[in-house]
Amino acid sequence: MLTIAVSKGRIYEEALPLLAEAGIVPVDDPEKCRKLILRTSRDDVHLVIIRATDVPTFVEYGAADMGIAGKDVLLEHGAESLYEPLDLKIACCKLMTAAHKDAPIHRGRIRVATKYVKTAHRYFAGKGIQAEIIKLYGSMELAPLVGLADCIVDLVDTGNTLKANDLEPRELIMNISSRLVVNKAAMKMKNQAIASLLDQLEKTLANR
Ligand code: ATP
Ligand code: PRP
């Protein structure tokens, strides 16, 4: 049995066509049923539906053999404990700093609101900027508007959310896409099944 961890929403929607080409089609619809373990058209493959940020944890501990997670989440989790063999090139966006469009470029100590605390720490430390990082769980764009932070670190795709809140993108931290991650022990114990799935996905991606 192979268990693949996927988060509901954007990544699930974009992963479905990829998985389908590898012969994996969920039997249940997570939007319609409350099931967290989904059977698929392959008797030997289950999907577990969890929060995006929990995917690396499930895979690291072997509760799932594989998972699909955004590079943003993997960076923040610290993904040394996982194999990351494939860039699936889905859920693409950018991890950026952003600030109010009229805000000056801060040179001294700054306050940064983000849910990517470790990544933001690493980024500003790497630039030699003293940053106080304030952890938020969502609506980061609000922080500069209400004086909570000078800038934010968040995902940007179309830029519409920033624009709607009078913010502008400033510096690119990293281009983000979703990656296939694999538990290290599973890679050895279930090598044949995993290698064959990786091979199918790789071929599908090459034809895209
Ligand atoms: P959680 O519910 O655990 O807080 P989330 O709300 O971040 O997770 P999603 O919004 O579905 O969950 O995002 C999942 C992943 O999709 C992110 O980790 C990122 O890699 C990618 N992503 C997020 N926002 C965008 C976007 N606007 N455009 C493209 N990809 C995105
Ligand atoms: C993400 C991200 C930004 C937005 C950027 O939020 O946190 O707010 O997308 O996308 P844009 O540049 O196309 O506007 P999401 O839509 O996932 O909502 P969330 O805050 O509930 O995660």
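Owing to the predicted nature of the structure, the values given are computational and were not obtained by experimental measurement. One-based numbering, in listed order, for ligands and for the atoms of each.
Remark: among candidates D157, D154, T161, I176, the nearest residue to atom 28 (N) of ligand 1 is D157, based on non-hydrogen atoms. Of the candidates R10, R179, R51, R10 brings a heavy atom nearest to atom 13 (O) of ligand 1. Scanning L155, D72, V156 for the heavy atom closest to atom 18 (O) of ligand 1 points to D72.
A donor atom on one side chain and an acceptor atom on the other are not found under 3.5 Å apart for E171 and T97.
Between S139 and ligand 2, no N or O atom pair is found at a separation short of 3.5 Å. At least one N/O-N/O distance between G159 and ligand 2 falls below 3.5 Å. Of the polar atoms of K115, none of the N or O atoms is found under 3.5 Å from an N or O of ligand 2, judged by distance alone.
Annotation: side chain of E132 is not in contact with side chain of V112 (no heavy-atom distance under 4.5 Å). Under the 4.5 Å side-chain criterion, counting only non-hydrogen atoms from C-beta, I173 is not in contact with Y116. You'll find the side chain of I37 stays beyond 4.5 Å of the side chain of I49, heavy atoms only. At least one side-chain heavy atom of T40 sits under 4.5 Å from a side-chain heavy atom of L47. No side-chain heavy atom of H77 sits less than 4.5 Å from a side-chain heavy atom of K118. Side-chain atoms of R208 and K89, non-hydrogen and from C-beta on, never get closer than 4.5 Å to each other. Using a 4.5 Å heavy-atom threshold, the side chains of P144 and D150 count as separate.
For atom 8 (O) of ligand 2, a protein heavy-atom neighbour is present inside the 4.0 Å cut-off. Taking a distance limit of 4.0 Å, we find that atom 20 (O) of ligand 2 is approached by no protein heavy atom. Put simply, atom 11 (P) of ligand 2 has protein non-hydrogen atoms near it, under 4.0 Å away. Distance check on atom 5 (C) of ligand 2: some protein heavy atom falls below the 4.0 Å cut-off.
Taken together through direct or relayed side-chain contacts under 4.5 Å among Ile, Leu, Val, Met, Phe, Trp and Tyr, L180 and L16 form part of one hydrophobic cluster. L95 and L167 fall into different hydrophobic clusters, where Ile, Leu, Val, Met, Phe, Trp and Tyr side chains are chained together by heavy-atom contacts under 4.5 Å.
Contact annotation: for K115 versus ligand 1, heavy atoms closer than 4.0 Å belong to the side chain alone. Residue contacts with ligand 1, taken as heavy atom pairs separated by less than 4.0 Å, do not involve S178 at all. Under 4.0 angstrom from ligand 1, there are no non-hydrogen atoms of D54. The proximity of D154 to ligand 2, defined as any non-hydrogen pair under 4.0 Å, is limited to the side chain.
R10 NH2, 3.5 Å is the protein heavy atom nearest to atom 16 (O) of ligand 2. For atom 15 (C) of ligand 1, the closest non-hydrogen atom on the protein side is I11 CD1, 3.6 Å. The single protein non-hydrogen atom nearest to atom 14 (O) of ligand 2 is T161 OG1, 2.4 Å, given as residue, atom name and distance. The closest protein non-hydrogen atom to atom 13 (O) of ligand 2 is T158 OG1, 2.5 Å. Looking only at heavy atoms of the protein, atom 29 (C) of ligand 1 is closest to C92 O, 3.2 Å. For atom 8 (O) of ligand 1, the nearest non-hydrogen atom of the protein is A52 CB, 3.7 Å.
Here is the list of ligand 2 atoms found below 4.0 Å of a heavy atom in V156: 12 (O). Atoms of ligand 2 lying under 4.0 Å from any heavy atom of L155, numbered from 1 in the order shown and given with element: 2 (C), 3 (C), 5 (C). Of all the atoms in ligand 1, the ones that sit under 4.0 Å from a non-hydrogen atom of V73 are 18 (O). Atoms of ligand 1 lying under 4.0 Å from any heavy atom of C93, numbered from 1 in the order shown and given with element: 22 (N), 28 (N), 29 (C), 30 (N), 31 (C). The distance from ligand 1 to the heavy atoms of T53 drops below 4.0 Å at these ligand atoms: 3 (O). Less than 4.0 angstrom separates some heavy atom of G70 from each of these atoms of ligand 1: 20 (O). For ligand 2 and D157, the ligand atoms under 4.0 Å from any heavy atom of the residue are 10 (O), 11 (P), 12 (O), 13 (O).
Going from atom NZ of K101 over to atom CG of L162 covers 12.5 Å, rounded to the nearest 0.5 Å. Rounding to the nearest 0.5 Å gives a distance of 12.0 Å between OG1 of T114 and OH of Y137.
In terms of heavy atoms, A131 sits closest to H121 at O-CE1, 4.3 Å. Counting all heavy atoms, side chain and backbone alike, R170 lies closest to H100 at NH2-O, 3.1 Å. Closest approach of D157 and C92 over heavy atoms only: OD1-O, 3.9 Å. A pairwise comparison of heavy atoms in S7 and V55 identifies N-CG2, 4.3 Å as the closest pair.
Heavy-atom distances between S7 and ligand 1 stay at or above 4.0 Å for every pair. Within the structure, ligand 2 has E141 among the residues with a heavy atom less than 4.0 angstrom away. The shell of residues lying under 4.0 angstrom from ligand 2, judged by heavy atoms, excludes K163.
Atom CZ of R122 has more than 12 heavy atoms from other residues, nucleotides or ligands within 6.0 Å.
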